[in-house]
Amino acid sequence: MLKIYNTLSGKKEVFKPIVEGKVGMYVCGNTVYDFCHIGHARAMISFDIISRFIRHLGYDLNYVRNITDVDDKIIKRAQENNETTQSLTERMIAAQQEDELKLGNKMPDREPKATEFMQEIITMIQTLVEKGFAYQGASGDVYYRATAFAEYGKLNNRKLDEMLAGARIDVEASKEHPADFVLWKQAKSGEVSWESPWGAGRPGWHIECSAMSTNCLGSHFDIHGGGPDLKFPHHENEIAQSEAATGKEYVNYWMHCGAVRVNNEKMSKSLGNFFTVRDVLAKFNPEVVRYLMVSSQYRSAIDYSDQSLHEAKVALERLYTALRGQTLVSSYEATDFTVRFEAAMKDDFNTAVAVSVLFELVRELNKAKAEAPEKAAALATELKSLAELLGLLYQDPEYFLQNSTIVEGLSEEAIQALIDERTQARKDKNFARSDEIRDELDSKGIELLDSREGTTWTRN
RNA sequence: GGCCGGAUGGCAGAGUGGUCAUGCAGCGGACUGCAACUCCGUUAACGCCGGUUCGAUUCCGACUCCGGCCUCCA
């Protein structure tokens with residue numbers, strides 16, 4: 001029995017799909033005007049794991065995640081770069097995909113782009129206008145009439161009149177109500193635009209998601225997810241648009257992941273305190289980033305720092321060390337570890353508990369190595385297969401341990417040459433030289449590990 | 001001001017009405033030429049004040065503090 005925390009109700013609920021055995025999930029993707037930062041990575045990884053586990057439970061999942069490829073910031077950035085919006089967005093989409101594959105994500109089933117859904121967007125706006133949920137203001141822009149939707153605010157527990165009182169927004173003159181938001185925006189000269197009944201222009205941010213999600217998954221679907229900062233106004237507006245246009249309930253389960261923080265502040269573009277995925281991958285193996293995300297539950301805020309990355313690296317090394325040298329078997333009997341792992345995941349995807357089960361499995365595995373190699377092989381296989389649900393432990397253990405951090409320095413050949421020299425010194429009982437080599441490598445961040453089978457190394 | 005979330009051992013991070021989280025660090029031991037890995041044992045926590053209860057870190061209420069959203073933002 002899968003339980004999901006639903007933002008709409010503020011509670012964990014038993015998950016029940018609309019059509020038995022099938023799940024439709026839409027996740028808000030990125031606006032592609034810049035490289036992904038760690039906050040984006042958190043959302044992408046969270047929903048990747050959620051999608052993996054939903055499939056693992058046997059559901060036929062359709063996972064759709066959009067790409068916002070037309071927007072004010074894209075236009076502005078393209079102008080600054082003196083390039084077309086299309087060339088900018090194409091570059092950023094390629095970069096995003098590259099980052100994401102490095103982080104170990106599986107790509108969504110479908111990644112619709114806003115620019116590919118112009119007709120659907122226009123049609124939806126027309127419907128809203130016809131039904132009285134939208135109007136064209138004096139500026140020519142088309143707005144959603146928030147006051148016409150009685151349930152406006154239901155996702156965020158807000159009331160329209162209270163929002164008016166606390167509104168800090170500069171109210172645009174052509175809006176009837178401060179909470180009204182743009183559906184269609186008139187193009188300024190030189191801006192990329194599409195023809196519409198209201199003139200050449202481009203869609204507002206929220207309408208594209210309503211149009212893409214309902215066209216890809218139907219008017220009513222199971223799960224809608226996104227980052228914590230999309231709850232309001234984006235998702236509130238999506239509900240208002242979609243339910244007004246289709247006359248049906250829009251989404252059953254709303255899911256939002258937690259923020260990534262830096263120095264106790266949210267990482268965000270507007271604060272400028274963000275680190276890109278590329279920044280981090282220059283220093284750490286990508287799986288370290290993934291482990292950091294997985295080590296806490298997807299809804300909790302996560303603190304990002306060199307220290308938290310380092311701790312993630314050390315923890316991951318323990319998992320990989322257990323797998324080192326282990327042969328895997330073609331089939332194994334699932335133990336209680338699998339039962340407990342799955343139980344944790346079924347409880348609103350509690351990856352923190354699931355990971356703790358992996359560590360308990362590792363202790364059992366390490367114990368079995370000497371006494372019961374067959375049991376160890378079975379446990380190692382079980383570990384790999386559970387970790388795969390989190391997208392972890394997919395690398396060769398030796399490779400990971402040697403490359404958990406990325407540093408300029410000694411080449412593998414140089415390290416091996418020193419190890420060979422040291423092995424000979426040890427054979428000759430020349431421990432002074434042996435220790436000298438250990439210290440020399442240690443000072444360069446290389447740690448040596450002696451065992452009966454020989455000497456291996458790890459980067460610190 | 002409104003809405004939402006949080007406060008757990010040295011750090012990170014789960015969870016539970018009464019016996020274990022887990023990882024790192026610490027301490028004692030085994031193993032080891034040294035070191036590491038690994039194993040065994042071990043120390044240590046539930047913001048504050050009330051209430052409910054035989055018993056609360058866990059439920060309820062007040063308080064304090066922190067974060068998020070209310071403006072583009074995963």
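Just so it is clear, the structure is predicted and the values come from calculations on it, not from any experiment. In what follows, chains carry the letters A, B, and so on, assigned in the order in which the sequence lines appear, proteins first and then strands, with residues in each chain numbered from 1.
- At whole-Å resolution of the value, CD1 in Ile302(A) and P in A74(B) are 17 Å apart.
- Near RNA chain B, meaning a heavy atom under 4.0 Å from it, residues 379-389 of chain A has no residue at all.
- Leu383(A) contributes atom CG, which lies 8.5 Å from atom CG of Leu379(A) (distance to the nearest 0.5 angstrom).
- In this structure, Arg202(A) and Ile75(A) have side chains that are in contact, with non-hydrogen atoms separated by less than 4.5 Å.
- Asp229(A) comes within contact range of at least one nucleobase, with a heavy-atom separation under 4.0 Å.
- No side-chain heavy atom of Arg433(A) sits less than 4.5 Å from a side-chain heavy atom of Arg422(A).
- Of all heavy-atom pairs spanning Asn66(A) and Cys28(A), the tightest one is OD1-CA, 3.3 Å.
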message: I'd like to compare against my own output: the B/S/- annotation of nucleotides 2-12 of chain B with a strict under-4.0 Å heavy-atom distance to protein.
response: BSSS-----SS
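- With a cut-off of 3.5 Å on both pairing distances, the Watson-Crick and G-U wobble pairs of RNA chain B assemble into stems of 3 or more at B:1-7 with B:64-70, B:10-12 with B:22-24, B:26-30 with B:38-42, B:49-51 with B:59-61.
- Base engagement by Gly258(A) is indicated by at least one non-hydrogen atom pair under 4.0 Å involving a base atom.
- Distance noted for atom P between G67(B) and G50(B): 28 Å (whole Å).
- If you take atom C1' in G13(B) and the same atom in G9(B), they sit 12 Å apart, rounded to whole Å.
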query: Could you run down nucleotides 34-40 of chain B 5' to 3' and tag each one B, S or - for protein heavy-atom contact under 4.0 Å?
result: BBBSSSS
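- Look at CG on Asn66(A): it is 10 Å from P on A74(B), rounded to the nearest Å.
- For the pair Lys269(A) and Tyr33(A), the cation-pi test (distance below 6.0 Å, angle within 45°) is passed.
- No donor-acceptor pair under 3.5 Å is formed between the side chain of Glu382(A) and the backbone N or O of Ala334(A).
- The line from CD of Glu13(A) to CG of Asn252(A) is 8.5 Å long, rounded to the nearest 0.5 Å.
- As rounded to the nearest Å, A12(B) and G55(B) have P atoms that lie 34 Å from one another.
- Between the CG atom of Leu292(A) and the C1' atom of C24(B) there is a distance of 14 Å, rounded to whole Å.
- Put simply, the side chain of Arg340(A) never gets that close to the backbone of Val357(A): no donor and acceptor are under 3.5 Å apart.
- The separation of U64(B) from U43(B), taken at their P atoms, amounts to 38 Å, rounded to a whole angstrom.
- Residue Tyr291(A) is the one, among Tyr291(A) and Ala432(A), whose nearest nucleotide of RNA chain B lies closer to the 5' end (criterion: closest heavy atom).
- Gly39(A) comes within 4.0 angstrom of a nucleotide base, judged by non-hydrogen atoms across all strands.
- A distance of 8.0 Å separates CE in Met44(A) from CE in Met107(A), rounded to the nearest 0.5 Å.
- Spacing of P atoms, A45(B) relative to C20(B), comes out at 12 Å, to the nearest Å.
- Using a 4.0 Å heavy-atom distance criterion, Ala315(A) is classed as a sugar-phosphate-only contact.
- The minimum heavy-atom distance between Arg324(A) and Leu449(A), with the atom names listed, is NH1-CD1, 3.3 Å.
- A7(B) and G17(B) have their P atoms separated by 16 Å, given to the nearest Å.
- In this structure the side chain of Asp229(A) reaches within 4.5 angstrom of the side chain of Lys266(A), judged on heavy atoms.
- Side-chain atoms of His37(A) lie closest to A74(B) of the nucleotides U22(B), A74(B), G67(B).
- Contacts between residues 343-356 of chain A and RNA chain B, defined by a heavy-atom separation below 4.0 Å, involve Asn350(A), Ala352(A), Val353(A), Ser356(A), listed by number.
- Contact check of residues 267-277 of chain A against RNA chain B (heavy atom, cut-off under 4.0 Å) returns Met267(A), Ser268(A), Ser270(A).
- Contact check for Arg278(A) versus Lys102(A): no side-chain heavy atoms found under the 4.5 Å cut-off.
- Rounded to whole angstrom, the span from the NE2 atom of His234(A) across to the P atom of A74(B) amounts to 10 Å.
- The residue Val260(A) sits close to a base: some heavy atom pair falls under 4.0 Å.
- Geometrically, Arg158(A) engages Phe232(A) in a cation-pi contact defined by less than 6.0 Å to the ring centre and at most 45° from the axis.
- Expressed to the nearest 0.5 Å, how far CZ of Phe431(A) lies from CD of Glu436(A) amounts to 14.5 Å.
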- prompt: Should Met25(A) and Ser51(A) be marked as a side chain to side chain contact (heavy atoms under 4.5 Å, CB included) after you check the CA-CA gap, both sets of side-chain angles, and the distance that decides it?
  reply: CA-CA 8 Å; Met25(A) 176 164 86; Ser51(A) 73; 3.9 Å; yes
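- Nearest heavy-atom pair across Arg426(A) and Ser434(A) is CG-OG, 3.4 Å.
- Within the 4.5 Å cutoff, the side chain of Glu238(A) has heavy atoms near those of the Tyr250(A) side chain.
- Atom NZ in Lys73(A) sits about 12 Å away from atom C1' in A74(B), given to the nearest Å.
- Computed from coordinates, the Phe232(A) CZ to U71(B) P distance equals 6 Å when rounded to whole Å.
- Using a 4.5 Å heavy-atom threshold, the side chains of His40(A) and Thr276(A) count as separate.
- With P as the reference atom, G10(B) and G68(B) are 26 Å apart, rounded to whole Å.
- Atom-to-atom distance recorded for Asn156(A):CG and Trp254(A):CH2 is 10.0 Å, nearest 0.5 angstrom.
- For Lys266(A) and C69(B), the shortest distance from a side-chain N or O to OP1 or OP2 is below 4.0 Å.
- Within the 4.5 Å cutoff, the side chain of Phe47(A) has heavy atoms near those of the Ile50(A) side chain.
- Across the protein-nucleic acid pair, Lys12(A) atom NZ and A14(B) atom C1' stand 11 Å apart, rounded to whole Å.
- A gap of 37 Å separates the C1' atoms of A56(B) and C39(B), to the nearest Å.
- Under a cutoff of 6.0 Å and an axis angle of 45°, Arg299(A) and Tyr5(A) form a cation-pi pair.
- The residue Phe431(A) sits close to a base: some heavy atom pair falls under 4.0 Å.
- If you measure from atom CG of Leu230(A) to atom P of U71(B), you get 14 Å, rounded to the nearest angstrom.
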